[in-house]
Asks: 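The following block contains the structure, expressed as structure tokens.
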Amino acid sequence: MANTEIRPIFWSGENLELLDQTRLPKEEVTVRVSTYQQAIVAIRDMQVRGAPAIGVTAAYAVAMAAREIKADGHEQFMAQLDRAATEIAAARPTAVNLQWAVRRMVELAGADGDMSGIADRLLDEAKRIHQEDEQINRRMGGFGKDLIPEGGSVLTHCNAGALATAGFGTAVGVIRAGWENGKRFQVFNTETRPFLQGARLTAWEFQKLGIPSKLIVDSAAGMLMRQGKIDCVITGADRIAANGDTANKIGTYTLAVLARENQIPFYVAAPISTIDLSLSDGDQIQIEERSQEEVTHLQGVAMAPEGVEAINPAFDVTPNRYVSAIITEAGVARPPYLESLNLAVAGTTHN
Ligand code: MRU
């Protein structure tokens, strides 16, 4: 296998360097992020995207906010850090990893009364979150790889690869783990309108990995399933409610219903930081609404008549009944999810 390590997030010692995902696959360029406000813009504009990746970026953003604070004492420091943290956590609403990482950073700062070197300790914590994420993905890959049938085919949606994480990927990580273990299969990946994470990013990753994948338009998935060309579907997740209802990229629900109609297993691969036990079901998940222009235009060129109205929900929620299993770093959770997800969360020690 070629050298395939894709690092979307890199701490240079002073700044964060992000592989600009809005420019891929045409150009591999990085953006330098030196302040927490710049990190918020990079998350909002999707230069960095994918639930775990925006969590890691948010952790560094809190560390950068901390180093900018001039405070007399811990209380004043925390008041200022809280203000920055609230802004960072609001950069995008659906992926809970963002809020999870910010909370982990703020809790650490709150418990650390020693003001000397507090910013350095927060930076160390951000680095830990960064490193842990890749290890978590590799563990998930180990648990999930057996779900892909030898000689079969797998469909994935959006980009849940190295680019969406600290490295390796969640859904793509499972596929990669299977491939690296010597399994052979065909991958299909959707283009994922309107932002084209599938066409631009996932296809690019599979090409780098040397895993055979065929790009399809989103609406071709049903026909391929009916023709028996798909043996399983694996996607990532942005937030999973306590009952297993799963928010992920718009179109995921459609794929899950089609998979059920065609008796194809539908799997979700996500770290435990994506599970939000505070929400009893998926109706409570806030769905990000992005600009109409992402739908009416393609890379700045109008595709629809001027003045046409569009709606652009970036995510949808797949009810738990369509989800065959949820692959986490603690193992493969099966229904009933209220039980299995609670056990998975309780069993992890890294957060
Ligand atoms: O809008 P995006 O590109 O951030 O959405 C990404 C997804 O929906 C991914 O499937 C999800 O974050 C899981 S990434 C490992």
Side-chain angles (χ1 to χ4, degrees), residues 6 8-9 18-22 24 42-58 91-101 132-134 136-141 144 155-177 189-205 218 233-240 246-256 266-276 282 285-291 294-295 312-318 323 326-329:
I6 298 163
I9 302 166
L18 301 173
L19 183 56
D20 187 346
Q21 300 194 31
T22 62
L24 285 171
I43 293 171
R44 216 183 276 142
D45 292 352
M46 291 173 66
Q47 289 173 309
V48 59
R49 43 133 311 272
I54 61 179
V56 171
T57 306
R92 289 188 76 190
T94 304
V96 71
N97 309 60
L98 178 61
Q99 291 145 32
W100 168 87
E132 279 172 11
D133 186 62
E134 180 164 351
I136 285 168
N137 292 335
R138 288 183 187 271
R139 279 211 290 283
M140 243 186 283
L155 171 70
T156 188
H157 185 51
C158 191
N159 173 266
L163 289 169
T165 63
F168 202 74
T170 59
V172 171
V174 168
I175 292 168
R176 175 175 172 178
N189 82 272
T190 58
E191 59 173 354
T192 319
R193 280 275 296 150
F195 209 72
L196 301 179
Q197 289 94 331
R200 294 190 303 105
L201 309 176
T202 308
W204 181 78
E205 285 197 32
D218 299 319
V233 181
I234 310 180
T235 73
D238 285 82
R239 192 183 294 238
I240 301 173
T246 296
N248 190 50
K249 182 52 55 197
I250 192 76
T252 303
Y253 170 48
T254 316
L255 294 178
F266 177 88
Y267 302 119
V268 170
I272 281 167
S273 53
T274 302
I275 300 170
D276 185 352
I285 299 174
Q286 190 187 339
I287 300 296
E288 177 183 7
E289 186 71 39
R290 293 189 64 85
S291 85
E294 285 181 4
V295 178
N312 186 14
F315 302 95
D316 59 25
V317 173
T318 299
V323 180
I326 299 175
I327 306 153
T328 75
E329 67 272 33

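What's counted below: heavy atoms across the whole structure, side chains too, no hydrogens, waters or symmetry copies. Read the numbers this way: they start at 1 and go in the same order the structure lists the ligands and their atoms.
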Asks: Does a side-chain N-to-carboxylate-O contact under 4.0 Å join Glu191 and Arg193?
Replies: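 Between Arg193 and Glu191 there is no salt bridge, as every charged N stays at least 4.0 Å from the carboxylate O atoms.
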Asks: Between Gln197, Gln21, Lys249, Glu205, which is the residue that forms a side chain to side chain donor-acceptor pair (under 3.5 Å) with Asn159?
Replies: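 Of the listed residues Gln197, Gln21, Lys249, Glu205, the side chain to side chain donor-acceptor pair (under 3.5 Å) partner of Asn159 is Glu205.
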Asks: Near ligand 1, which residues have a heavy atom under 4.0 Å away from one of its atoms?
Replies: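 Heavy-atom contacts below 4.0 Å: Met46, Arg49, Gly50, Ala51, Pro52, Arg92, Cys158, Asn159, Ala160, Ala164, Thr165, Thr170, Gln197, Gly236, Ala237, Asp238, Asn248, Lys249, Phe315.
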Asks: Taking Ala53's backbone N and O only, do any of them form a donor-acceptor pair with Thr57's side chain (distance below 3.5 Å, no angle check)?
Replies: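 Pair found, side chain donor or acceptor close to backbone of Ala53.
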Asks: Would you say the side-chain atoms of Asn189 and Thr156 include a donor-acceptor pair closer than 3.5 Å?
Replies: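 No, because no side-chain N or O of Asn189 sits under 3.5 Å from a partner of the opposite role on Thr156.
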Asks: Does any N or O in the side chain of His157 come within less than 3.5 Å of the main-chain N or O of Ile234, such that one atom is a donor and the other an acceptor?
Replies: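 No; judged by distance alone, with no hydrogens or angles, the pair does not exist.
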Asks: Between Arg239 and Asp276, is there a salt bridge with N-O shorter than 4.0 Å?
Replies: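 Judged by the 4.0 Å cut-off on N to carboxylate O distance, Asp276 and Arg239 do form a salt bridge.
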